[in-house]
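Protein chains get the first letters and strands the later ones, always in sequence-line order, with residue 1 at the start of each. Scope of the values below: all heavy atoms of this structure, side chains included, with no hydrogens, waters or symmetry mates.
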There are 2 protein chains.
Amino acid sequence: MPGTETTRPLSSSIGDYLKAIWTIAGTGSASTKEVSGHLSVAPASVTNMLGRLQEMGLVRYERYRGASLTGRGREEALRLVRRHRLIESFLLGHLGYSWQEVHDEAERLEHAVSDEFTERLAELLGHPAHDPHGDPIPAADGTLEPDDSLPLGEAGVGGRVRISKVSDESTPVLDYLGERGLVPGRLLTVREVRSLDGVVTVEDEGGETHALGEPLARAVFVREEAAG
Amino acid sequence: MPGTETTRPLSSSIGDYLKAIWTIAGTGSASTKEVSGHLSVAPASVTNMLGRLQEMGLVRYERYRGASLTGRGREEALRLVRRHRLIESFLLGHLGYSWQEVHDEAERLEHAVSDEFTERLAELLGHPAHDPHGDPIPAADGTLEPDDSLPLGEAGVGGRVRISKVSDESTPVLDYLGERGLVPGRLLTVREVRSLDGVVTVEDEGGETHALGEPLARAVFVREEAAG
DNA sequence: ACAAAAATTTAGGTCTAGCTAATAATGAGT
DNA sequence: ACTCATTATTAGCTAGACCTAAATTTTTGT
């Protein structure tokens with residue numbers, strides 16, 4: 001059966017590279033330095049690995065020019081993202097993990113888990129479309145819903161917006177927002193966007209007002225609501 | 001803090017060696033060949049690794065004499081066994097895995113999972129004392145209930161016995177027994193043990209009679225019931 | 001008691017994924 | 001257009017965990 005070896009294991013660090021490129025560049029291309037920074041690996045090691053990934057047909061890579069994912073590379077990356085997000089959902093929903101604990105555990109687990117496990121987990125969770133951060137979970141067939149959300153600061157003043165996701169970079173930020181109910185799904189009205197310091201003032205459904213500065217405002221992504 | 005580095009990561013294959021020695025020899029000692037067979041690793045590699053494990057203080061090893069676990073080695077092995085059995089329980093109980101699928105998945109997961117995860121999983125499962133095969137699950141503190149079960153063939157004729165566990169070596173065997181309800185917890189009466197071929201005849205609670213030959217009889221372990 | 005068989009160890013090599021230091025290409029600023 | 005800082009690549013090494021083939025020790029059978 002030629003062409004049937006779709007699911008050979010693929011060492012765990014290979015997946016990390018693919019995910020990194022996908023995260024950094026999406027469909028575009030990622031530089032050695034960016035990947036190096038993302039994975040905390042020396043640039044020289046990245047160069048080396050990108051060469052190998054190209055030989056495997058997972059990335060397109062040109063010396064001094066950075067790398068971008070091939071179809072297969074993207075597929076593989078999305079498969080890992082799917083695993084990661086489903087596992088995070090499980091850890092938060094069923095095992096009582098907190099935001100901060102979840103990421104590392106999921107990072108390790110996503111490399112150990114089989115497709116079988118992933119799909120059964122999806123089943124258990126009721127095939128969620130989004131993870132707890134609000135990020136879309138790629139479908140089992142590798143499809144990913146296009147993400148049309150925008151940073152809170154770029155929303156139109158006076159508009160009604162719904163929080164679509166909260167970026168998972170910083171734990172204190174997540175905690176702060178979580179405590180105030182600023183989580184995916186929440187409906188807000190944008191009251192003011194001050195261009196000097198980027199502070200965004202919003203009003204939530206309960207009439208509470210929140211003023212969000214630099215790191216906070218950038219962590220919140222929203223979608224404009226159909227009816228204002 | 002000297003002596004506080006209890007939980008450093010320990011590469012995954014190290015754990016495999018410790019578990020193998022524990023499984024083969026318990027508290028006694030395992031030969032190079034046994035370990036080699038158990039892990040499907042060349043004998044030379046085993047020799048090499050046993051030397052390293054000794055340096056780490058995890059096994060006692062004498063050239064040409066085999067290896068046995070030290071206290072720390074045993075602790076580590078039992079921790080993995082705990083993980084493995086809890087994960088198996090979860091896969092069977094919550095994700096709908098079947099006997100045959102469960103083992104490999106658990107084997108991979110047990111190396112990726114943290115203590116945190118393990119304990120939260122134990123919580124979710126209601127702190128079970130036994131896994132689905134009937135094997136005791138080591139406690140979080142490293143304690144393991146002594147196992148006083150014996151192979152079905154060694155039970156006294158006429159006695160009432162309860163199936164304590166079913167060894168998880170062979171899938172067809174597990175399936176066969178499972179289909180007939182010969183699972184841990186089942187109460188049986190031993191009708192006959194034929195010494196020529198080792199066939200054991202038992203009667204279950206429903207009055208059904210089962211004649212179990214070599215591989216089957218050896219997979220079933222029982223405990224004698226207090227009141228006959 | 002000893003030779004042959006079985007088990008084990010040693011020696012020497014591979015592959016992966018990382019590292020540092022030295023060298024080369026790219027691109028920004030004047 | 002040229003120089004210099006930045007970014008990448010090459011070269012050469014390390015460590016872990018494995019392998020095969022050759023040498024050695026232990027065990028077994030007579």
Exercise. A/F90 and B/F90: aromatic ring centres closer than 6.0 Å?
Worked result: yes
Exercise. Does one side chain, of A/H84 or A/D131, offer a donor that lies under 3.5 Å from an acceptor on the other?
Worked result: no
Exercise. Quick one: A/L39 CG to C/dT16 C1', roughly how many Å, whole number?
Worked result: 16 Å
Exercise. Who pairs with B/R120 by side-chain hydrogen bond (donor to acceptor under 3.5 Å, both in side chains), at least two apart in sequence or on another chain?
Worked result: A/E101, B/E116
Problem set entry | Residue pairs passing the salt bridge (Lys or Arg N to Asp or Glu O under 4.0 Å) test where at least one lies in residues 53-71 of chain B, sequence neighbours excluded | none
Problem set entry | Residues in contact with DNA chain D, drawn from residues 27-34 of chain A - heavy-atom cutoff 4.0 Å | A/S31, A/T32, A/K33
Problem set entry | Distance in angstrom units between A/Q54 CD and D/dT9 P, rounded | 11 Å
For this session: For B/E154, enumerate each residue passing the side-chain hydrogen bond (donor to acceptor under 3.5 Å, both in side chains) test, keeping only those at least two apart in sequence or located in another chain.
Result: none
Problem set entry | Partner residues of A/E123 under the side-chain contact (heavy atoms from CB on, under 4.5 Å) criterion, sequence neighbours left out | A/H127
Problem set entry | Residues which pass salt bridge (charged side-chain N to carboxylate O under 4.0 Å, His left out) with B/R223, listed by chain and number, not counting sequence neighbours | B/D148
Exercise. Hey, where does DNA chain C pair up into stems, meaning at least three consecutive Watson-Crick or G-U pairs with distances under 3.5 Å?
Worked result: C:1-30 with D:1-30
Exercise. Can you tell me how far C1' of D/dT7 sits from OH of A/Y61, to the nearest Å?
Worked result: 11 Å
Exercise. Just how far, in rounded Å, is P of C/dG18 from CG of A/L50?
Worked result: 11 Å
Exercise. In Å, rounded to the nearest 0.5 Å, how long is the span from NE2 of B/H103 to CG of B/L91?
Worked result: 11.5 Å
For this session: With sequence neighbours left out, write down each residue that passes side-chain hydrogen bond (donor to acceptor under 3.5 Å, both in side chains) with B/Y97, or none if nothing qualifies.
Result: B/E105
Exercise. What pairs with B/H133 under ring pair (Phe, Tyr, Trp, His ring centres under 6.0 Å), at least two apart in sequence or on another chain?
Worked result: B/W99
Exercise. How close or far is atom P of C/dG18 from atom CG of A/L53, stated in whole angstroms?
Worked result: 10 Å
Seminar exercise, completed: Result for 5'-nearest mapping on DNA chain C, choosing between A/I14 and A/R65, is A/I14
Exercise. Taking protein heavy atoms under 4.0 Å as touching, what does nucleotides 18-25 of chain D look like 5' to 3' if B marks base contact, S marks sugar-phosphate-only contact and - marks none?
Worked result: SBBB--BS
Protein-nucleotides 1-5 of chain D N/O pairs closer than 3.5 Å?
none

Exercise. If you measure from the Lys or Arg side-chain nitrogens to the Asp or Glu carboxylate oxygens, is any gap between A/R82 and A/E119 under 4.0 Å?
Worked result: yes
Exercise. Does B/E34 have any side-chain hydrogen bond (donor to acceptor under 3.5 Å, both in side chains) partners at least two apart in sequence or in another chain, and if so, which?
Worked result: B/S31
Problem set entry | Side chain proximity check, A/E76 to A/I14, heavy atoms < 4.5 angstrom | no
